[in-house]
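Positions are given from 1 along the sequence. Keep in mind it's a predicted model, so treat the numbers as computed, not measured. As a basis for the values below, the full set of heavy atoms in this structure was taken, side chains included, without hydrogen atoms, waters or symmetry mates.
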Amino acid sequence: MKQKIYILFFFLSLSLTALAQKDLNIGRIFGGHYRKNPAVTDVEIKGSRLQDYNLTYYHSLTVKGDAKIMEEIRDAFVADEAKATDKELTNVGGKIYTGLYRLKYDGETNRFVFFKDMRLSPSKKSNTVIIIYMEGNTSLKSLQKKFKK
């Protein structure tokens, strides 16, 4: 019986995660189809480990060396700009190097997307792209401080 309850909670948490990103272009990026790709590191965190950051959910993908996936991520991030209520972008050579959006949301929790293309880094170039989706009661200003460290 306990096993059935755990399984139910597992699938319920997956569906809630999917709902959080369903209206976003990046939702397809975080859909799970890259998890087995050796070029992708997928990190998903929920719960008390995020309390210090005033977040309730964190999901990141780091892609190294796969240009096709990197461009899919960039395109999805750029397409979601229309849904941003606040944003901060840094461009290098006419391309987005870093970006942070606070997204429209109907609930009490803020949603954020962070993007970084290390291929454009002025100081530490790397064949890596990072995208992070976060939810919580934190502010855009607080996240900007954390990401600038």
Side-chain angles (χ1 to χ4, degrees), residues 6-7 9-105 109-149:
Y6 288 131
I7 292 171
F9 279 119
F10 172 74
F11 284 110
L12 199 75
S13 71
L14 284 179
S15 64
L16 290 175
T17 300
L19 285 174
Q21 300 164 7
K22 74 174 170 68
D23 63 330
L24 302 173
N25 291 290
I26 62 159
R28 64 184 154 80
I29 301 298
F30 288 107
H33 55 279
Y34 295 124
R35 283 196 173 138
K36 293 185 179 181
N37 187 317
V40 177
T41 302
D42 186 335
V43 177
E44 188 172 11
I45 304 170
K46 302 175 196 172
S48 62
R49 292 178 52 196
L50 297 169
Q51 280 180 326
D52 292 345
Y53 303 97
N54 289 323
L55 294 172
T56 55
Y57 182 72
Y58 172 98
H59 195 172
S60 71
L61 291 181
T62 302
V63 181
K64 189 167 188 155
D66 190 319
K68 182 180 180 218
I69 297 174
M70 291 178 191
E71 292 311 312
E72 287 177 26
I73 289 171
R74 174 190 299 284
D75 292 347
F77 178 76
V78 169
D80 282 332
E81 183 177 358
K83 296 177 178 99
T85 57
D86 293 306
K87 63 184 173 185
E88 179 180 301
L89 300 171
T90 304
N91 291 295
V92 172
K95 292 187 175 184
I96 297 175
Y97 167 50
T98 64
L100 180 60
Y101 300 153
R102 183 171 67 88
L103 302 163
K104 296 176 187 171
Y105 193 61
T109 303
N110 286 314
R111 300 185 310 164
F112 303 93
V113 180
F114 173 76
F115 172 84
K116 187 168 191 173
D117 188 341
M118 295 300 295
R119 299 173 296 179
L120 301 173
S121 174
S123 60
K124 289 185 172 180
K125 288 200 187 305
S126 169
N127 195 14
T128 305
V129 167
I130 302 164
I131 189 157
I132 304 171
Y133 174 83
M134 299 163 282
E135 294 179 356
N137 293 321
T138 192
S139 67
L140 184 64
K141 190 173 275 193
S142 176
L143 286 176
Q144 287 169 327
K145 286 179 187 175
K146 285 177 178 57
F147 282 116
K148 287 183 180 178
K149 288 183 179 180

About how many Å separate [atom2] of [Y] and [atom1] of [X], when rounded to the nearest 0.5 Å?
| X | Y | atom1 | atom2 | value |
| --- | --- | --- | --- | --- |
| Ser126 | Lys116 | OG | NZ | 10.0 Å |
| Ile130 | Leu61 | CD1 | CG | 10.5 Å |
| Arg102 | Asn110 | CZ | CG | 5.0 Å |
| Ser139 | Asp86 | OG | CG | 10.0 Å |
| Leu120 | Asp117 | CG | CG | 4.0 Å |
| Tyr97 | Thr90 | OH | OG1 | 8.0 Å |

Sub-4.5 Å side-chain heavy-atom contact between [X] and [Y]:
| X | Y | value |
| --- | --- | --- |
| Thr98 | Ile96 | no |
| Arg28 | Ile26 | no |
| Tyr53 | Thr138 | no |
| Val40 | Asp66 | no |
| Val113 | Leu103 | yes |

Across all chains, not counting sequence neighbours, the side chain to side chain contact (heavy atoms under 4.5 Å, CB included) partners of Asn127 are Met70, Arg119
His59 and Tyr133 aromatic centres sub-6.0 Å: no
List the steps, then state whether side-chain contact (heavy atoms from CB on, under 4.5 Å) holds for Asn37 with Ile69. CA-CA 10 Å; Asn37 187 317; Ile69 297 174; 3.2 Å; yes
Under the side-chain contact (heavy atoms from CB on, under 4.5 Å) criterion, do Glu81 and Leu89 qualify, and how do the steps go? CA-CA 10 Å; Glu81 183 177 358; Leu89 300 171; 3.8 Å; yes
Intermediate values then yes/no, side-chain contact (heavy atoms from CB on, under 4.5 Å), Glu44 and Tyr57: CA-CA 8 Å; Glu44 188 172 11; Tyr57 182 72; 2.6 Å; yes
Flag the pair Glu88 and Lys141 as a salt bridge only when some basic side-chain nitrogen lies within less than 4.0 angstrom of an acidic carboxylate oxygen.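 No, Glu88 and Lys141 are not salt-bridged.
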Determine whether Leu50 and Thr56 satisfy the following criterion, side-chain contact (heavy atoms from CB on, under 4.5 Å), listing intermediate values before the conclusion. CA-CA 6 Å; Leu50 297 169; Thr56 55; 5.7 Å; no
Any residue meeting salt bridge (charged side-chain N to carboxylate O under 4.0 Å, His left out) with Asp80, in chain and number order, not counting sequence neighbours: Lys83
NZ of Lys124: more than 12 outside heavy atoms within 6.0 angstrom? no
Would you say the side-chain atoms of Glu135 and Tyr58 include a donor-acceptor pair closer than 3.5 Å?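 No, Tyr58 and Glu135 have no side-chain donor paired with an acceptor closer than 3.5 Å.
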Residues which pass ring pair (Phe, Tyr, Trp, His ring centres under 6.0 Å) with Phe77, listed by chain and number, not counting sequence neighbours: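 Only Tyr101, Phe115 meet the ring pair (Phe, Tyr, Trp, His ring centres under 6.0 Å) criterion with Phe77.
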Ala79 and Asn25 have their tightest heavy-atom pair at CB-ND2, 3.3 Å
